[in-house]
Amino acid sequence: MTLLKAEFFNRDPRRVARALLGKLLVRKTPRGILAGRIVETEAYLGKNDDAAHAAAGKTARNAVLFGPPGHAYVYFIYGNHYCLNVSCLPDGVPGCVLLRALEPVSGIEQMAEARGLDGAKQIDLRKISFLKKISSGPGRMAEAMEITRERDNGKSLVSERSDLRLVDGGYRVRRVTVTPRIGIVKSAELPLRYFIARNPFVSGRRVP
DNA sequence: TACATGATGCCCT
DNA sequence: GGGCATCATGTAG
């Protein structure tokens, strides 16, 4: 288990998006440790990418994208959901990777609770169909990891002091599939979505 | 100050 | 497979 270095993110978001597959997102909470393996990402470029929040220039909202690499850019979307991105490239140059889906690894019951999946229905951690509902999709993933803009935006993901970190757990990715990004209209044709081939926890369409 | 819109997910069919 | 909830943000006026 090694914490990723800021330098890991100090390069083109397309390379970071691919390299992040198989890494772990770890959250320390008062109740316990939550962790999930990254199985799906999307790259957002600074320029020549109309879908990127940074495309229109720096604002109060997207300032993190223009800051140093390895920091959390969290934004609220559709009035319901948060999405977690990691800033890339050197200070002053925008770019990021959107984390889209996790395979739950530890603290799974707490993650399910954070998603509101407990209660009437009983939790069955052996069923893939149940586990997929926990963090397969950017909004779901953020909710399961208890990520909010207020709590996490601007936070370093590569600091020993941070309660939200990206670490290398030694998992080897066999094969990566690349497709266009999901849920956008502008620049939708660009092949900037990456996921672990045949992994069941990937969200949305699994074929181009 | 108003308004259009979106890097989504849930629920129903 | 499709409709819809729900609101922060940015841009126009």
Side-chain angles (χ1 to χ4, degrees), chain A residues 9 12-14 16-18 20-21 25 36 38-67 71-89 94-104 111-121 123 128-154 157 166 177-195 200-208:
Chain A
F9 301 96
D12 190 293
R14 287 167 286 204
V16 177
R18 189 182 283 266
L20 272 178
L21 295 176
L25 178 65
I38 298 166
V39 299
E40 179 183 358
T41 60
E42 284 180 0
Y44 285 85
L45 315 179
K47 46 188 176 182
N48 303 325
D49 183 2
D50 292 332
H53 285 186
K58 187 175 178 179
T59 65
R61 175 212 201 187
N62 66 20
V64 177
L65 297 178
F66 292 78
H71 289 248
Y73 170 54
V74 182
Y75 65 90
F76 192 58
I77 190 73
Y78 296 125
N80 287 324
H81 310 286
Y82 290 100
C83 294
L84 173 65
N85 303 253
V86 191
S87 62
C88 298
L89 297 168
C96 69
V97 171
L98 169 68
L99 305 187
R100 287 193 52 93
L102 300 179
E103 175 176 346
M111 291 168 71
E113 279 177 37
R115 289 270 296 113
L117 297 175
D118 56 335
K121 297 173 185 173
I123 297 178
I128 293 273
S129 59
F130 177 80
L131 293 172
K132 279 178 68 171
K133 288 187 282 194
I134 296 177
S135 51
S136 177
R140 294 174 169 188
M141 188 201 87
E143 192 174 26
M145 297 300 280
E146 302 179 15
I147 289 165
T148 66
R149 179 177 171 330
E150 294 71 22
R151 183 185 293 156
D152 300 305
N153 190 51
L157 300 174
L166 287 164
T177 304
V178 184
T179 76
R181 294 172 294 185
I182 289 182
I184 59 174
V185 177
K186 302 165 195 163
S187 300
E189 73 287 355
L190 301 177
L192 295 177
R193 173 174 175 245
Y194 305 81
F195 59 84
F201 297 95
V202 171
S203 72
R205 287 166 60 83
R206 282 201 282 274
V207 288

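Letters A, B, ... are given to chains in the order of the sequence lines, protein chains preceding strands, and every chain is numbered from 1.
Stacking here means ring centres nearer than 5.5 Å and ring planes tilted less than 30 degrees, and by that measure A:Tyr75 does not stack onto B:dA7.
Minimum heavy-atom separation, A:Ser187 to A:Ala51: OG-N, 4.0 Å. For the residue pair A:Ser203 and A:Ala101, the shortest heavy atom distance occurs at N-CB, 4.2 Å.
Partners of A:Asp12 by side-chain hydrogen bond (donor to acceptor under 3.5 Å, both in side chains), not counting sequence neighbours, listed by chain and number: A:Arg14. Under the rule for a side-chain hydrogen bond (donor to acceptor under 3.5 Å, both in side chains), the partners of A:Tyr44 that lie at least two apart in sequence or sit in another chain are A:Glu42. Residues passing the side-chain contact (heavy atoms from CB on, under 4.5 Å) test with A:Lys186 are A:Asp50, sequence neighbours excluded. Partners of A:Arg115 by side-chain hydrogen bond (donor to acceptor under 3.5 Å, both in side chains), not counting sequence neighbours, listed by chain and number: A:Glu143. Partners of A:Arg181 according to the side-chain hydrogen bond (donor to acceptor under 3.5 Å, both in side chains) rule, which considers only residues two or more places apart in sequence or in another chain, are A:Asp49. Remark: A:His53 engages A:Tyr73, A:Tyr75 in a ring pair (Phe, Tyr, Trp, His ring centres under 6.0 Å) (not counting sequence neighbours). Taking A:Thr41 as the reference, A:Ala17, A:Leu20, A:Leu21, A:Ile38, A:Val97, A:Leu99, A:Tyr194 meet the side-chain contact (heavy atoms from CB on, under 4.5 Å) condition, with sequence neighbours excluded. In this view, A:Tyr82 and A:Phe76 satisfy the ring pair (Phe, Tyr, Trp, His ring centres under 6.0 Å) rule, not counting sequence neighbours.
Pairs of Watson-Crick or G-U wobble type, with distances under 3.5 Å, assemble into runs of 3 or more in DNA chain C at these ranges: B:1-6 with C:7-12, B:8-12 with C:1-5.
Whole-Å rounding puts the A:Arg181 CZ to B:dG6 C1' distance at 14 Å. Spacing between atom NZ of A:Lys186 and atom P of B:dA7 amounts to 7 Å, rounded to whole angstrom units. The interatomic distance linking A:Tyr82 (OH) with B:dG6 (C1') rounds to 16 Å, in whole Å. As a whole-Å value, the separation of A:His81 NE2 from C:dC4 C1' is 11 Å. Counting to the nearest Å, the P atom of B:dG9 and the NZ atom of A:Lys132 are 13 Å from each other. In this entry the distance linking CD1 of A:Ile182 with P of B:dT8 reads 8 Å, nearest Å.
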**Q.** Footprint string (nucleotides 7-13 of chain C, 5' to 3'): B base within contact, S backbone only, - free, heavy atoms under 4.0 Å
**A.** BSSSS--
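Of the residues in residues 137-147 of chain A, those with a non-hydrogen atom less than 4.0 angstrom from any atom of DNA chain B are A:Gly137, A:Pro138, A:Gly139, A:Arg140. Contacts between residues 96-103 of chain A and DNA chain B, counted as heavy-atom distances below 4.0 Å, involve A:Cys96, A:Leu98, A:Arg100.
A 4.5 Å side-chain heavy-atom check between A:Phe201 and A:Pro104 finds at least one atom pair inside the cut-off. The side-chain heavy atoms of A:Leu84 and A:Met145, taken from C-beta on, include no pair separated by under 4.5 Å.
Atom-to-atom distance recorded for A:Glu40:CD and A:Leu98:CG is 8.5 Å, nearest 0.5 angstrom.
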